[in-house]
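Report on one structure; see the data block that follows.
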Amino acid sequence: MKKKKVHVIPHTHWDREWYFNTSRSTIYLLKHIKEVLNVLENDEKFKTYILDAQTSLVEDYLEYYPEDKERIQNLVKDERLFIGPWYTQTDQLVISQESIVRNLLYGIDKANEFGHSFNVGYVPDAFGQGGNMPQVYNSFGINTAVFWRGVADTTFDDTQFIWKGTDGSQVVTNIMRNGYHYGGEHGIPEDDSEMMEYINNFIGKLDKESNTNHIYFPYGHDQAPIRENLPELVDKFNSIDSEREYVMGNPESFFTELVDDYNSKLKSFSGELTQAKHSRVHKSIFSTRADMKQLNNKIENYLVNVLEPVLVIADSLGIEYPHAQVEKIWKLMFENVAHDSIGGCNSDSTNRDILHRYKVAEDLATNLLELTMRTISNKINFDHDLNIISFNPLPYDYEGIVEIEAYVPSLDFTLFNSKTGKEQDYVIEEAQELTEYVLNQTIQVDPSKDIYIPDKVYKVKLKAYLEDLLALGYQTFHIEPAKKHNETNHYKEDNGSTIENEKYHIKLRDDNTLTITDKATDTVYEKQMVFIDSGDDGDSYNYSPPKNDLLISSENSKRIDSNVYKNQLNQRLEYTFVMDVPYDLEERAKGEITSKLPVKASIDLEKGSEIIKFNIEVDNNVLSHKLSVQFDSDIASNFSYADQLFGPIRRPVYLEEEEVWVEEEWDEKPIAIEPMQSYVALSSDSEVFSVLTEGVREYEIVGENYSTIQLTLFRTFGYMGKKDLLYRPGRASGETIVETPDAQLLGKINCDFGIYINSQKGFNDINMSNISKEYLTDIPTYQNSDFLNGRMIFSQKREEKNLPEVYNLANFDVGNLGVSAIKASEKNSDYLIRVYNPYYDKSVEIPESFKNGSALELDETTEIDFPDKLGHNKFITIKVNK
């Protein structure tokens with residue numbers, strides 16, 4: 001009988017930050033990599049070492065030791081030191097699909113620059129595996145994967161198997177059911193008398209779990225030092241254990257042998273992997289540190305939906321695409337998307353570092369966009385003094401409400417479309433007189449040239465209804481001061497309690513709930529937007545209800561005020577109420593209520609919009625609680641739909657494992673608190689009710705008939721780790737002595753979300769991906785006026801006025817496709833558009849207009865045959881012919 005082969009895989013799992021911050025991790029990393037280089041160079045028997053599949057670690061090291069670059073290149077090229085395919089070890093469930101794709105794109109490219117990219121989907125510690133990751137891996141030429149968390153042996157007991165993605169793609173997989181730290185935290189004894197016991201206990205356990213003759217034995221742990229004499233210990237294993245063969249290996253060689261011997265014999269397991277029997281997946285970490293989650297989501301959307309398409313527009317006009325700046329912004333984001341970092345399960349000190357990186361990334365992105373729009377506008381040959389340029393980052397023409405910031409000489413003015421001369425409707429949202437501040441900073445580059453200087457300057461924020469915004473282009477508008485007061489450009493206060501537009505009618509009830517009517521069918525949805533405050537006895541990893549909870553509903557709260565503001569473009573309902581709540585968990589357990597939680601709700605119905613927009617401001621002054629908002633769809637459901645990577649996923653609203661998890665000794669209670677990218681929906685054959693979010697990407701379906709969508713707004717807690725939670729019994733996941741007062745989120749918290757209802761069509765007849773993308777895409781604008789050229793925004797040199805007032809790069813017939821990205825290639829001067837199937841169970845045809853280009857894999861290099869259709873969760877990257 002053939003011996004079982006134990007592949008001893010030396011590695012380290014390197015958290016760039018956790019309860020320690022990045023600075024501490026970096027200092028130790030420098031020492032670690034230096035030691036690894038020395039061992040590999042001086043001991044040929046120490047064949048390989050896995051540097052946690054993170055290219056960023058090498059970049060961090062070379063910042064301090066650039067003289068070691070050639071040493072690293074030699075070891076990487078010889079496939080002894082493995083780096084990549086990731087830039088950083090990313091989360092897969094609350095990070096956008098483009099963030100994951102770019103993480104691999106940059107990680108693989110940088111690793112290949114050193115000589116070789118580790119060609120395995122190596123994810124030792126992510127809190128669950130995304131359902132479409134096999135397809136993402138395949139598109140980068142990766143056909144194997146190693147991970148730890150997500151599969152219970154009561155569901156599927158094989159450790160080596162074929163993992164099928166939700167689209168049907170496959171990777172040969174090894175699950176480290178006992179964790180990446182299995183060997184390292186239980187170090188191999190060097191005393192011969194103890195080694196056989198170690199083999200029987202630790203190797204024997206792996207042997208029993210393995211369903212093939214190949215055993216994956218990871219040897220390392222968090223920030224693990226290299227075990228210099230590991231080759232000698234492996235030799236000892238072979239001399240002592242006659243039943244098995246031991247080799248110093250790596251995942252690439254492991255899979256080569258596994259596939260050769262067993263590929264046709266391996267069983268399959270499909271989809272998203274988030275079962276927490278053997279390893280916690282921290283199912284509710286999606287809402288930990290809501291402030292950081294909100295920033296991540298805002299910046300991701302800004303980068304992909306706004307900045308990159310506008311940079312493509314600029315590049316087509318001869319303004320070079322700033323690859324280096326974009327890469328820097330993405331890398332800052334990648335540093336924040338590692339499982340601990342984006343999870344927020346860190347010390348307060350570490351989380352402040354993360355928030356700072358978000359600030360830098362956001363500042364770089366917004367300033368890069370501002371400069372790009374300004375450079376274009378300075379080249380346009382204008383006929384007016386007060387010009388507004390609106391850029392359309394969408395691949396199709398757009399007409400609708402656009403938010404504009406401008407400096408105007410009067411609060412009574414007219415906004416014109418410069419192409420058609422047609423007046424555009426607008427409403428002033430905010431206004432501030434800034435004459436002295438603005439005009440004192442004006443710089444005339446050419447003093448001999450007269451420029452327009454207004455007598456007064458007001459900074460205004462507008463909502464304007466703009467027409468003729470051509471796809472991937474810009475349109476100019478201009479402002480002319482009005483001769484008389486125009487009341488239609490302002491809000492009128494209404495004493496009523498209702499607002500409406502073409503699609504919806506909304507009424508505020510005495511119990512603080514809303515009644516929403518879909519005018520298309522006169523379908524009425526009662527008791528909408530109920531806020532629920534509950535206790536949170538959890539920590540930075542898990543929400544967990546207190547043993548004695550007290551639920552507070554906004555239906556019983558005191559209304560402070562309510563106001564309705566109406567204009568031809570927008571109707572707004574604002575109201576404030578105060579929820580009487582316990583101050584902390586101790587009061588909650590006693591049923592005491594001593595504190596007040598003020599909540600201000602603002603609901604906007606814009607002209608022509610199918611989305612109801614909500615902004616909620618909470619003055620949080622209490623501890624350890626969770627605030628959610630509920631919308632009752634009146635659709636009794638067994639399943640919810642939400643967007644995952646490149647399309648929707650259908651999840652059960654209740655997990656059967658909840659009934660057996662205690663008996664089966666799961667590490668964590670299975671709960672149907674789920675992640676999303678941007679939306680969650682309940683649907684019947686002829687009706688859809690969906691919630692879209694700009695903030696926390698976490699939902700749960702609740703209610704007697706599972707008809708209510710509950711969106712988490714935020715949760716707060718006071719410790720990094722706690723023991724013996726109701727939802728997570730036993731040991732703490734984090735450090736119990738680390739207090740996290742910042743995680744109580746005291747102060748003002750703003751939450752934005754939207755509602756889309758269709759009472760005539762089911763989910764499979766609606767392109768929810770494009771609906772949510774438009775909701776999450778700001779149409780950027782820029783004002784070009786000579787009096788603004790100055791210290792406030794830096795003065796600029798004169799440009800040749802050679803651009804037209806209207807420009808359109810391309811118009812794509814996206815049809816029923818979802819649009820993931822529009823960007824410039826990292827490899828050449830090509831423009832790329834990435835599209836996917838946004839429906840759950842039907843194929844989508846690719847319009848003929850796309851087939852004039854070339855179809856590429858995610859690596860932006862490998863050409864593939866153009867498919868006629870995209871199936872469930874399928875995507876394609878298209879090189880656009882200029």
Side-chain angles (χ1 to χ4, degrees), residues 306 373 377 380 382-394 397-434 438 452 454 456-470 473-494 499-503 563-574 602-613 615 774-775 777-785 787-788 805-806:
V306 181
M373 294 192 297
S377 69
I380 297 174
F382 292 112
D383 293 327
H384 303 88
D385 296 315
L386 298 168
N387 299 290
I388 303 293
I389 306 92
S390 183
F391 293 81
N392 182 7
L394 298 168
D397 296 348
Y398 178 79
E399 174 181 317
I401 298 291
V402 175
E403 295 184 2
I404 299 173
E405 183 176 282
Y407 294 84
V408 297
S410 167
L411 294 183
D412 296 311
F413 56 87
T414 307
L415 179 65
F416 290 99
N417 185 313
S418 298
K419 176 185 176 183
T420 64
K422 184 178 178 182
E423 184 177 337
Q424 308 290 286
D425 292 331
Y426 70 86
V427 59
I428 296 176
E429 299 274 292
E430 298 177 20
Q432 182 183 12
E433 198 265 319
L434 291 174
V438 173
Y452 168 73
K456 288 276 189 182
V457 178
Y458 297 87
K459 180 182 179 181
V460 295
K461 291 185 178 180
L462 315 173
K463 279 190 174 183
Y465 194 89
L466 301 186
E467 302 170 313
D468 300 319
L469 298 186
L470 299 179
Y474 63 78
Q475 167 65 44
T476 58
F477 301 82
H478 64 272
I479 289 170
E480 292 184 5
K483 294 181 179 180
K484 61 181 180 180
H485 182 65
N486 189 346
E487 292 185 355
T488 63
N489 298 331
H490 302 266
Y491 282 110
K492 289 184 179 180
E493 190 166 353
D494 188 314
I499 58 174
E500 62 183 318
N501 67 357
E502 300 90 335
K503 180 170 174 57
N563 297 283
V564 170
Y565 304 93
K566 294 184 177 181
N567 174 270
Q568 58 187 331
L569 293 186
N570 188 53
Q571 295 193 11
R572 177 175 297 146
L573 168 63
E574 293 182 353
S602 180
I603 302 107
D604 282 84
L605 282 179
E606 296 174 344
K607 176 184 176 181
S609 177
E610 294 187 312
I611 296 173
I612 309 168
K613 294 184 178 180
N615 172 262
E774 281 197 24
Y775 172 67
T777 299
D778 294 325
I779 303 294
T781 63
Y782 186 83
Q783 180 178 359
N784 182 282
S785 298
F787 72 89
L788 295 175
E805 288 189 298
V806 179

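Just so you know, these numbers use all the heavy atoms, side chains as well, and skip hydrogens, waters and symmetry mates. For clarity, every value in this text was computed on a predicted model and none was experimentally measured.
Every residue two or more places apart in sequence or in another chain was checked for a salt bridge (Lys or Arg N to Asp or Glu O under 4.0 Å) with E480, and none qualifies. Legend: residues meeting salt bridge (Lys or Arg N to Asp or Glu O under 4.0 Å) with K463, ordered by chain and number and at least two apart, are D604, E606. Listed by chain and number, the residues in a side-chain contact (heavy atoms from CB on, under 4.5 Å) with E399 are Y465, E467 (sequence neighbours excluded).
Atom CD1 of residue I499 and atom CD of residue E574 lie 10.0 Å apart, to the nearest 0.5 angstrom. How far NZ of K456 is from CG of L434: 11.0 Å, rounded to the nearest 0.5 Å. The CD atom of E774 sits 6.0 Å away from the OH atom of Y398 when rounded to the nearest 0.5 Å. In this structure, CG on N392 lies 11.5 Å from CG on D468, to the nearest 0.5 angstrom. L462 CG to D425 CG: the interatomic distance, rounded to the nearest 0.5 Å, is 12.0 Å. Atom NZ of residue K422 and atom CZ of residue F416 lie 12.5 Å apart, to the nearest 0.5 angstrom.
With T476 contributing its side chain and E805 its backbone, the two residues share a donor-acceptor pair below 3.5 Å. In this structure, the side chain of Q432 does not engage the main chain of K459 through any donor-acceptor pair within 3.5 Å. Judged by distance alone, the side chain of N417 and the main-chain N or O of K419 form a donor-acceptor pair under 3.5 Å. Under a 3.5 Å cut-off, the side chain of N501 and the backbone N or O of K607 do not form any donor-acceptor pair. Side chain of E493 to main chain of N563: no donor-acceptor pair is present (N/O by atom type, distance under 3.5 Å, no hydrogens or angles). The main-chain N or O of T781 is never found under 3.5 Å from a side-chain atom of S390 such that the two would form a donor-acceptor pair. Using a distance-only test at 3.5 Å, with no hydrogens or angles considered, no donor-acceptor pair links the side chain of Q475 to the main chain of L469.
Taking both residues in full, the closest heavy atoms of A406 and I479 are given as CB-CD1, 4.4 Å, listed atom of the first, atom of the second, then distance. When all heavy atoms of P780 and V306 are compared, the closest pair comes out as CG-CG1, 3.8 Å. The minimum heavy-atom distance between N567 and H490, with the atom names listed, is ND2-O, 3.2 Å. The two atoms that bring S377 and F382 nearest to each other are O-CE1, 3.2 Å, heavy atoms only.
With contacts defined as side-chain heavy-atom distances shorter than 4.5 Å, the pair I380/N387 does not qualify. When side chains are defined from C-beta on, K461 does not count as touching E403, because their heavy atoms never get closer than 4.5 Å. Between I779 and P393 there is a side-chain heavy-atom pair separated by less than 4.5 Å. Proximity of K503 to S609: side-chain heavy atoms (C-beta onward) are nowhere separated by under 4.5 Å. By the 4.5 Å heavy-atom criterion applied to side chains, K566 and L605 are not counted as neighbours.
Using cut-offs of 30° and 60° on the angle between ring planes, the pair Y491 and Y565 is perpendicular. The aromatic rings of Y452 and F787 sit perpendicular to each other, their planes meeting at more than 60°, with 30° as the lower class boundary.
Each of H478, Q783, E405 was checked for a side-chain contact (heavy atoms from CB on, under 4.5 Å) with I388, and the lone residue meeting it is Q783.
The aromatic ring centroids of F413 and Y426 lie less than 6.0 Å from each other.
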- Message: Would N489 and L415 count as a side-chain contact (heavy atoms from CB on, under 4.5 Å) here? Give the steps.
- Response: CA-CA 10 Å; N489 298 331; L415 179 65; over 6 Å; no
